[in-house]
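The structure appears below as structure tokens.
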Amino acid sequence: MFDLKWIRENPEKFDNALVKRHLPPHSAEILALDEDRRAHVAKLQEAQTRRNAASKEIGRAKSSGDEKTAQALIDEVADLKTEIQDGEEEERRLSEALNDILSSLPNRPLDDVPVGKDEEANLLVRQVGEPPEFAFEAKQHFEIGEALGLMDFETAAKLSGARFVVLKGLLARLERALAAFMLDLHTDEFGYREIAPPFLVRDATMFGTAQLPKFADDQFRTEDGFWLIPTAEVPLTNLVRENIVDEDELPLRFTAYTPCFRLEAGAAGKDTRGMIRQHQFSKVELVSIAHPDQSLEEHERMTSCAEEVLKRLKLPYQVIVLSTGDMGFAARKTYDIEVWLPGQNMYREISSCSVCGDFQARRMNTRFRVKDAKDLRFVHTLNGSGLAVGRTMVAILENYQQEDGSVLVPEILRPYLGSAERITAS
RNA sequence: GGAUGGGUGGCCGAGUGGUUGAAGGCACCGGUCUUGAAAACCGGCAGGCGUGCAAGCGUCUCGAGGGUUCGAAUCCCUCCCCAUCCGCCA
């Protein structure tokens, strides 16, 4: 969502941002609507002013017993009434039209975001860790998991169809261990507050983080009108919807371990095998509600918090900055963290950390009161995966695989797995 | 699913047709007092939109929309949301 006043003053910047996102310019259309709307508002308010003045006079006339003057004024006001009603309706219509456009346009990329058509234009920021060398041919995670008898896609298909998995034994426990490890790290060391949020939310919540109205087709919806969250970003960010928060409690940092549900409507044929792309996966999410002056700094910090998970798991990864063509709708800038997958011989996304500026805050109407001034400003919001648990498991299986088909447990996870050092066929 | 009661400013909470955009309290801001702080006292303090260089002016908003009325937070209708009790249930 955008600030109309800002668009009025910076139409060319606004359009440039859209062009960077490979969308046609919209400022002319928006400003025409806006101008129309303001003209109507002015006219409407004028009529309202006259009505209000007349109403007051009616009160005075009546109380002084001047029925004749009162009646004349009443007749005058009756005419104004239809004018006002028509004006209100027109104003509502124009405001809605304006809102429909504004809420369907993506956020403006920051200036330092590489401009490009798609992921080809993403830029490498840094690489950390060395891909492991194997004396044998590295397998993909699903080969490893299935051979261990702990990862079962066939049974999952029986239960739920494609893009689901059943994990068993130590792999099921590994999922829980990873979540616990990540949450402990983010809460104990990085100051995030652990939240256990609802996984079903309503329209307004999905609108707040901008899944709605544009991406309804990517979401699961219950018959009762609830949406299954596609990420904990949705409930965590909306924790402060319609709130006025204290300036000195910023930044608010939240983390949650939740399942995420995605229709993957546009991903037919992509990553059909294995756990990479599922309708349901779990993720530990990080969300910050930040002061506008500190949101960029917070973005770097959040990214480093997510990276720390991979460092401690000793998984090699790289950080890239997404190009304007690859960035999500609400983001102004996004770092993706990609983990090395020996079985695929490539880096794959395991985390995405975005700073959204005031884009979501405007949709949620989340503000803070400026100290020593009484004006209200929109907060900035950020979100990042810290990390996607399923893909982290994939990375562990592939990076820690052994020639005999077993998988070593990263040291830091062993306390969470009953001291198990190795996952073997059961 | 059945039955009630509710939705008012950052928060609590008065207010059932006529300067009520809304008492009072809390919080917050400024000041007096104090060595400093607290307390006490005095003063300020809703948001959106429009207009204006600005001071300001206008307008809308008491969950949302519609209606009655010269006039609605207050009356009527529809919808949304919340709470409590009963039933069911982890």
Side-chain angles (χ1 to χ4, degrees), chain A residues 1-9 30-99 102-103 196 198-208 212-213 221-227 235 238-250 252 259 289 291 358 361-379:
Chain A
M1 197 63 95
F2 296 97
D3 181 6
L4 254 178
K5 282 183 201 153
W6 185 88
I7 299 175
R8 245 178 254 155
E9 286 158 19
I30 289 168
L31 292 181
L33 267 171
D34 176 47
E35 204 171 311
D36 204 8
R37 189 188 114 260
R38 281 187 293 155
H40 277 278
V41 166
K43 226 172 72 184
L44 171 63
Q45 291 193 352
E46 205 179 297
Q48 285 168 329
T49 305
R50 277 185 284 146
R51 180 201 58 192
N52 291 346
S55 291
K56 270 183 191 154
E57 272 184 63
I58 291 167
R60 275 197 291 274
K62 284 220 163 178
S63 62
S64 67
D66 188 351
E67 286 299 327
K68 213 176 128 189
T69 307
Q71 191 54 49
L73 285 163
I74 286 169
D75 294 342
E76 190 191 325
V77 167
D79 292 338
L80 281 172
K81 197 170 167 172
T82 47
E83 188 183 332
I84 288 170
Q85 275 180 340
D86 292 350
E88 282 174 343
E89 203 176 306
E90 181 68 358
E91 192 210 331
R92 205 163 24 243
R93 191 186 67 75
L94 290 166
S95 296
E96 252 172 57
L98 211 43
N99 268 334
L102 289 175
S103 58
F199 308 150
L200 296 171
V201 298
R202 29 164 170 261
D203 292 2
T205 308
M206 290 287 269
F207 181 85
L212 292 180
R221 188 168 197 255
T222 74
E223 283 190 11
D224 305 294
F226 287 110
W227 300 91
N238 277 279
L239 247 23
V240 295
R241 188 171 89 237
E242 277 157 35
N243 282 176
I244 293 177
V245 299
D246 279 347
E247 183 174 16
D248 19 75
E249 65 186 20
L250 298 175
L252 293 164
I289 310 298
H291 193 286
D358 63 7
R362 285 179 183 280
R363 291 173 165 250
M364 299 192 299
N365 200 23
T366 301
R367 296 166 296 173
F368 67 94
R369 201 174 290 281
V370 180
K371 273 243 176 285
D372 300 328
K374 52 178 182 161
D375 52 320
L376 295 168
R377 292 179 67 189
F378 289 105
V379 298

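Residue numbers begin at 1 in each chain, while the letters A, B, ... track the order of the sequences.
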Are OP1 or OP2 of [N] and a side-chain N or O of [X] less than 4.0 angstrom apart?
| X | N | result |
| --- | --- | --- |
| A/R38 | B/C49 | no |
| A/R367 | B/G48 | yes |
| A/R92 | B/G65 | no |
| A/R8 | B/G50 | yes |
| A/R202 | B/C82 | yes |
| A/R369 | B/G47 | yes |

Between A/T205 and A/R241, do the side chains contain an N or O donor and an N or O acceptor separated by less than 3.5 Å?
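Looking only at side-chain atoms, A/R241 and A/T205 do form a donor-acceptor pair, the distance falling under 3.5 Å.
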Roughly how far apart, to the nearest Å, are [N] and [M] at atom [atom1]?
| N | M | atom1 | answer |
| --- | --- | --- | --- |
| B/A40 | B/G63 | P | 33 Å |
| B/C49 | B/C12 | C1' | 29 Å |
| B/A55 | B/G48 | P | 15 Å |
| B/G1 | B/U8 | P | 26 Å |

Roughly how far, to the nearest 0.5 Å, is the CZ atom of A/R221 from the CZ atom of A/F226?
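Answer rounded to 0.5 Å: 10.5 Å.
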Side-chain ion pair, A/R93 and A/E90, N-O less than 4.0 Å
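A salt bridge is present here (some side-chain N lies under 4.0 Å from a carboxylate O).
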Does any part of the side chain of A/E247, heavy atoms only, come nearer than 4.5 Å to the side chain of A/H291, both counted from C-beta?
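Contact flag for A/H291/A/E247 side chains = yes.
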Side chains of A/D34 and A/R37: does their closest heavy-atom pair fall under 4.5 Å?
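A side-chain contact under 4.5 Å exists here.
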Quick one: stems for RNA chain B, with Watson-Crick or G-U pairs under 3.5 Å, at least three in a row?
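Counting only runs of 3 or more consecutive pairs, the stems involving RNA chain B are B:1-7 with B:80-86, B:10-12 with B:24-26, B:28-32 with B:40-44, B:46-51 with B:56-61, B:63-67 with B:75-79.
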Test of understanding: with salt bridge (charged side-chain N to carboxylate O under 4.0 Å, His left out), list the residues that count as partners of A/D3, not counting sequence neighbours.
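A/R362.
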